[in-house]
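What follows is a short report on a single structure.
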Amino acid sequence: MATNAAKGPALDLANLRNIGIIAHIDAGKTTVSERILFFTARTHKIGEVHDGAATMDYLEEERKRGITITSAATTCRWKHVTINLIDTPGHVDFTAEVERSLRVLDGACVVFDGVSGVEAQSETVWRQADKHKVPRICFVNKLDRLGADFDACLESIEKRLGARPVPLQIPWGKEKDLKGMIDLLTMKALRFDGEKGETIVELPVPDDHLAEAKARREKLVEAAAECDDSILERFLDGKEIPVPELKAALRKGSITSRFFLVCAGSALKNVGVQLMLDCVVDYLPNPLDITKIGGTDPDDPTKKMPVKLNRDEPFAALAFKTITDPNGDLTFIRVYSGQLEAGSQVYNPGKRQRERIGRIYKMHAANRDPIERVEAGDIAAVVGLRNTLTGDTVCTEDHPILLEKIVFPEPVIMMSIEPASRGDREKLSDTLAKLAREDPTFHWHTDEETEQTIIGGMGELHLDVLKNRIIRDFKVDAKVGEPEVAYRQTLEKPVDIEAKHIKQSGGHGQYAVVRCKFAPSVEPGVHFVNEVVGGSVPKEFIPAIKKGIENYAETGGELRYTYLGIVATLYDGKYHEVDSSEMAFRAAGVLAMRMAAEGNRRIYEPTMKFEVQVPEEFLGEVIGDLNSRRASISDMESRGLIRVLFGTVPVAAIFGYSTTLRSLTQGRGTAAMEPDEYQPVPRAMAEEIEIKRKKWLEERKKK
């Protein structure tokens, strides 16, 4: 059993930080993480992303592409504090990695590009942090680059994120003349000397920065005064407030997200990272600061169950990430109460299954450091969980609890994949199952009619990375088709259907009559309403009707496109005492849904929000190209000589867009996309889609 008995010295929760590094792609997250590892002496050599040598980007695919694909965890120490750090991806295709990390973290550091400020994925990760109520600090990076503007970055945080940034430092110098930072609390200019910026030299604030530093410091003290009445009184009286008191008040404001403290520097040039680490220690919460932790009773979802963050309480943890491994899958867990020892038995209340923990590790990217146990408040990886997936709870069987699950978006792009030979067929299925276990946004299924294997993901890059892993890492010889849009369909208008499933072939027959109203809905999935009165349909057959309707909606009927929202209201029917059965009523449910869909279909397509940055001289060509792709441009803003376009565009129109944009702008344009919502396809186009789809399905049947 997972133990509740205390053994050895307790984990010092007050001096523990569980944090993530989150940002838009190319803002410098992994470079920041590499400097953190170096300055905390976790590594003795800085690995650079551009050299393919970053410690935290350990997958071959990450090193080849120079981007983070999967979140990586490590543990390090800064001063007296232990930091569990998760470096997350910045590309929207891998946003699930950010989602599941933020679900279990207590705080985050949001990295911003000092030139671009808030970018598309900056907004996405900020909203994810808002959703999980994760306190944040900000790090304005790349202030040594041409065009870097600290004030413009602060303004974009305020304007685009609706947040209140409060700087702790301001840059000393600008762009290539960046000399260091000016600390507003101590009013010292800090220069980062040594080969790697490891020696911090304190100097008086230069005269040309003094007025600005004083004005900024007053704003900082003002923010602290809002969180402490004693400081407010002295601030209004013009008295000096000791730095430790200011820090304590600023910490209150940071943890409650009243404002967001801002650090600055250039990670690549080793400027300001140590100050950011100080900020993590001083202003981000420890596990004891997170008070609202709770779950529900597995047998009664309406019954709330609080969780006490104490190693002497019953064990409860959330699994938030799985990595497939030939020597046993690694499952990352955040422990919320009790403690877990290697060799313990745990219980998965969602699946009603017992599991046994083999080994427990502290992770350093791909490397594993074995430990004997993990306690409340901590994060670790375990081996031995065979049936536990991302979002599952593990706990003690005598104190079952369900912690809040993690919700992930549905795939927006699909493609077919086929083994090159019969011998690879089973190997491919095993590989796809392993990848789906790792990645909750990767889906796969075999179409029953076409016998074709379909894989789905969050974008072209996502599927391209998975395809490469299948072929290279898992050694499966497979062929993939072109990416396809994950179209959906719904009913055009409400209908009232009577479906009869009546068969007689000697002996017991099949008899079921269903009367049901169908209507489109904005809510996803099938919402089934039972309004039968008087027993015209026996209660024991109603779940079968619901199952039949849901099955048709999920498999997509004639076009094999899953249905969006549908309300199905069962109000009447007939049964036969001898010939009626669950099978008959399930068939009647399928028939009712099929009849409701005949000539009553509307096809929907997924759309993406976009943010396209383009030099002004190429603006006309880029807008023209976007218009040809059925894009809707909602806004445009200027950032120096760069124009930024915002809007939405159908997924079907953006395959290969990055290549086109580079061609139109001589390689100077950039685009960021994120899934938005499903919109109706124009009718003429919908007819073409239907014709092509039916023809394709017919050809697949013949094969």
Heavy atoms, side chains only, cut-off 4.5 Å: are [X] and [Y] in contact?
X      : Y      : result
Pro314 : Cys395 : no
Trp444 : Leu466 : no
Lys79  : Asp278 : yes
Asp300 : Thr296 : no

Please name all residues satisfying salt bridge (Lys or Arg N to Asp or Glu O under 4.0 Å) with Asp392, sequence neighbours left out, ordered by chain then number.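 Salt bridge (Lys or Arg N to Asp or Glu O under 4.0 Å) list for Asp392, sorted by chain: Lys351, Lys405.
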With side chain to side chain contact (heavy atoms under 4.5 Å, CB included) as the test, pick out the partner of Glu550 among Val526, Ile545, Ile566.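 It is Val526, the one option of Val526, Ile545, Ile566 that forms the side chain to side chain contact (heavy atoms under 4.5 Å, CB included) with Glu550.
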Partner set under side chain to side chain donor-acceptor pair (under 3.5 Å) for [X], not counting sequence neighbours:
X      : value
Arg251 : Asp289
Ser257 : none
Asp676 : none
Lys308 : none

With sequence neighbours left out, write down each residue that passes side-chain contact (heavy atoms from CB on, under 4.5 Å) with [X], or none if nothing qualifies.
X      : answer
Thr431 : Leu435, Ile470, Phe474, Val476
Arg472 : Glu60, Glu61, Lys64, Asn468
Ala317 : Phe315, Ile333, Val335, Val394
Thr322 : Asp329, Thr331, Thr390, Arg437

State, to 0.1 Å, how close [X] and [Y] come at their nearest heavy-atom pair, and which atoms those are.
X      : Y      : answer
Ala376 : Ser337 : CB-CA, 3.7 Å
Ser254 : Ile137 : OG-CG2, 4.4 Å
Ala14  : Leu288 : N-CD1, 4.0 Å

Check ion pair Arg17-Asp282 (N to O, under 4.0 angstrom):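 No, Arg17 and Asp282 are not salt-bridged.
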With a 4.0 Å cut-off, would you call Arg311 and Asp378 a salt bridge?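 Asp378 and Arg311: not salt-bridged.
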[X]: partners by ring pair (Phe, Tyr, Trp, His ring centres under 6.0 Å), with sequence neighbours left out:
X      : value
Phe260 : Trp126
His462 : Phe94
Tyr561 : Tyr487

Do the side-chain N and O atoms of Lys362 and Asn84 include a donor-acceptor pair separated by under 3.5 angstrom?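 Present: a donor and an acceptor within the cut-off.
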Heavy-atom count check: over 12 atoms from other residues, nucleotides or ligands less than 6.0 Å from Arg77 CZ?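 It does: Arg77 CZ has more than 12 such atoms within range.
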Asn18: which of Thr75, Asp106, Thr82 passes side-chain hydrogen bond (donor to acceptor under 3.5 Å, both in side chains):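 Output: one option passes, namely Asp106.
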Spell out, as yes or no, whether a donor-acceptor pair under 3.5 Å connects the side chain of Glu397 to the backbone of Tyr347.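 No; zero donor-acceptor contacts below 3.5 Å.
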Would you compute the distance between atom NZ of Lys467 and atom CE of Met415 and round it to the nearest 0.5 angstrom?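 Taking NZ in Lys467 and CE in Met415, the distance rounds to 6.5 Å.
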